[in-house]
Amino acid sequence: MIRIIKKDGTKEEFNIQKVVVAVNKSANRALIKFTEDDIDFICSFVTERVEAMNKDEVAIWEMHNIVESALDRVNPVVAKSYRDYRNYKQDFVHMLDEVYQKSQSIMYIGDKENSNSDSALVSTKRSLIFNQLNKELYQKFFLTTEEIQACRDGYIYIHDMSARRDTMNCCLFDVKTVLSGGFEMGNIWYNEPKSLDVAFDVIGDIVLSAASQQYGGFTVPCVDEILEPYAEKSYAAKTERYKEMGLSDEVAEAEAMKDITRDFEQGFQGWEYKFNTVASSRGDYPFITMTLGVAQGRFARLATISMLKVRKGGQGKASCKKPVLFPKIVFLYDENLHGEGKPMADVFEAAVECSAKTMYPDWLSLTGEGYVADMYKRYGRIVSPMGCRAFLSPWYERGGMKPADEDDKPIFVGRFNIGAVSLHLPMILAKARKESRDFYEVLDYYLELIRQLHIRTYDYLGEMRASTNPLAYCEGGFLGGHLGIHDKIKPLLKSATASFGITALNELQQLYNKKSIAEDGEFALEVMRHINEKVNEFKEEDGNLYALYGTPAESLCGLQVQQFRKKYGIIENVSDREYVSNSFHCHVTEDISPIRKQDLEKRFWDLMNGGKIQYVKYPIDYNLDAVKTLIRRAMDMGFYEGVNLSLAYCDDCGHQELEMDVCPKCGSKNLTKIERMNGYLSYSRVKGDTRLNAAKMAEIAERKSM
């Protein structure tokens, strides 16, 4: 009898079946399945080697070496998986120590990596601690050594590591399909609503439930069109009821219209309460976006105007109302509908008034220049943004990545992204110079690293079951989402995008020739063209919908400075501030006009179709004409445009003013301040505290053009 001496000194009889279990686990972690011949070879190899030792007792480390030798002959990838896992006890001790240290910080200090999370809440603290564990597990069991090194050094940044093992990222959720004919949620059958007020309640439930099963932006596209048929049903029922009460047709219709208007306003107010106070199971307030503005029916128009009215009016005590943050509103601008003297100019005016007061809605051009407008003008299809700036690449109904013929049309609603990985471009240039290597050679190495990570992510997520997100995968929320609960979701991933992100483009230009992108920008443009070419090559070769994304760095804007300084020191206009620039934007300290900023950033617009937004700081005091002029100009240029003000509200007396730090009316410092974080709004101050990290607060303090 041969016995195995385990690490704790106990002994067990040698059992080849335990080897089979162990190697199969290692294979599963590498997404590989052994054949019967593979298992037979491993069993024979291990048994022969153990017996050849002529020992009654074999140490566990000797067994590990024998098993590794067998796996090296069968599949080196599984052998590596086995080696990585064999010392898991020591690794887990270190991992849990990291989690414990982070958990202590979260419990007693808080966390400001995500401004949508209120880390003062118990539920959020629990979620953040779990996220830290999930992040450690992701790094240990999903990433290669090269990827871990690149992340730790700071050359790439893998977004949302705490969630990537479980689910997908941003999406355009198909609420209309889920509602149609009814659906099941939480083992309860929901009938399709028969009235507007019920539709608001049910849609609110759908959004909170589905948004909890993902990370990133959750967009309900064209919400005015979704609500319109339910308003029609309510109007018909109310009109009939008033007629039965003896009212004339004219009076009955007028009273019914009043009721519908009130239902819209109360429904939107209910959403604002729900989406800003009920945290998801992830511990944050889901990043919900709703787009609207092009539907021309009377109830669709009423929906848009009502939503804008409610947002502009704010929430809170009568003496101190202020706008909420969610849902983010995006106005879909069609020059033929919203231009001066056009049929829906009144809807445009209502949206301008709302933007000038609350910064939302943001504005998406459907008829200007560029990719989004081209999809709308050519096919009549709207590419709504997913959250703050992400956009989907086209996926055609019959042809897939490319149209089958000239009649094939792209589809966007019901699709999603599987995650983003961003390049830190100044770090890559600094590395190339220090090692006397060609910059593009080094850049291509990191692009290939991201490519391989995306490929594995597609494969890994494809093994998930539809039961992980039933509304999306089983009830039609996603394209093709009518799977059985035990089906794998792999078929749905063919239309999902994966993003290559970039940050600090301005600092790249500064490091290259000591000029900002406002002063020069040619090298930055050259680099972006190169990345586009490589990403398009990967897309063709891999058959995956890769996209290039202008990264909205929140906590990342400070982390990347720290990473750069650690390896390359402090360099003027590159790493001498506490933050780096977001995406392709001009540096916030540039003293340039809004028009100049629009023109400068336009150069990069068509190079980042996977994610982009343009915004300027409006040096005005609720000046509607100025807001209108800049918005129309942005729409002509084809932008996804954000109006940027610095909103401040005194929580003691209710006074509101732009860029206020002390209330001039009552002297209070108890203010609520709302700033544009990146492509979205956030609280820079709430009851004397902030949800933003120190680096972002430093950036906000220095803003001139943004």
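Quick note: numbers below take in every heavy atom, side chains included, and nothing from hydrogens, waters or symmetry partners. What you are looking at is a predicted structure, and each value in this text was computed from that prediction instead of being measured. Positions are given from 1, in the same order as the sequence printed here.
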Aromatic plane relationship, Y371 with F412 - under 30° parallel, 30 to 60° tilted, over 60° perpendicular: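 Perpendicular, since the angle between the ring planes exceeds 60°.
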Parallel, tilted or perpendicular: ring planes of F478 versus F173, cut at 30 and 60 degrees: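 F478 vs F173 ring planes: perpendicular.
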S581-E507 side chain donor-acceptor pair, cut-off 3.5 Å: yes
Under 3.5 Å side-chain donor-acceptor pair for H530 and D444: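 Per modelled atom types, H530 and D444 side chains form a pair under 3.5 Å.
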Distance under 6.0 Å and angle within 45° of ring axis: K431 vs Y155: yes
Lys/Arg cation over aromatic F142: R165, 6.0 Å, 45° cone: no
Lys/Arg N to Asp/Glu carboxylate O, E702 vs R577, below 4.0 Å: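 Yes, this pair counts.
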Side chain to side chain donor-acceptor pair (under 3.5 Å) evaluation trace for T497 with N417: CA-CA 5 Å; T497 57; N417 187 293; 3.1 Å; yes
Quick check: are there more than 12 heavy atoms from other residues, nucleotides or ligands sitting under 6.0 Å from [atom1] of [X]?
| X | atom1 | value |
| --- | --- | --- |
| R433 | CZ | yes |
| K409 | NZ | no |
| Y512 | OH | no |

Proximity of F391 and Y640 rings by center, below 6.0 Å: yes
Reference residue W363; test side chain to side chain contact (heavy atoms under 4.5 Å, CB included); the match among I329, V352, V330: V352
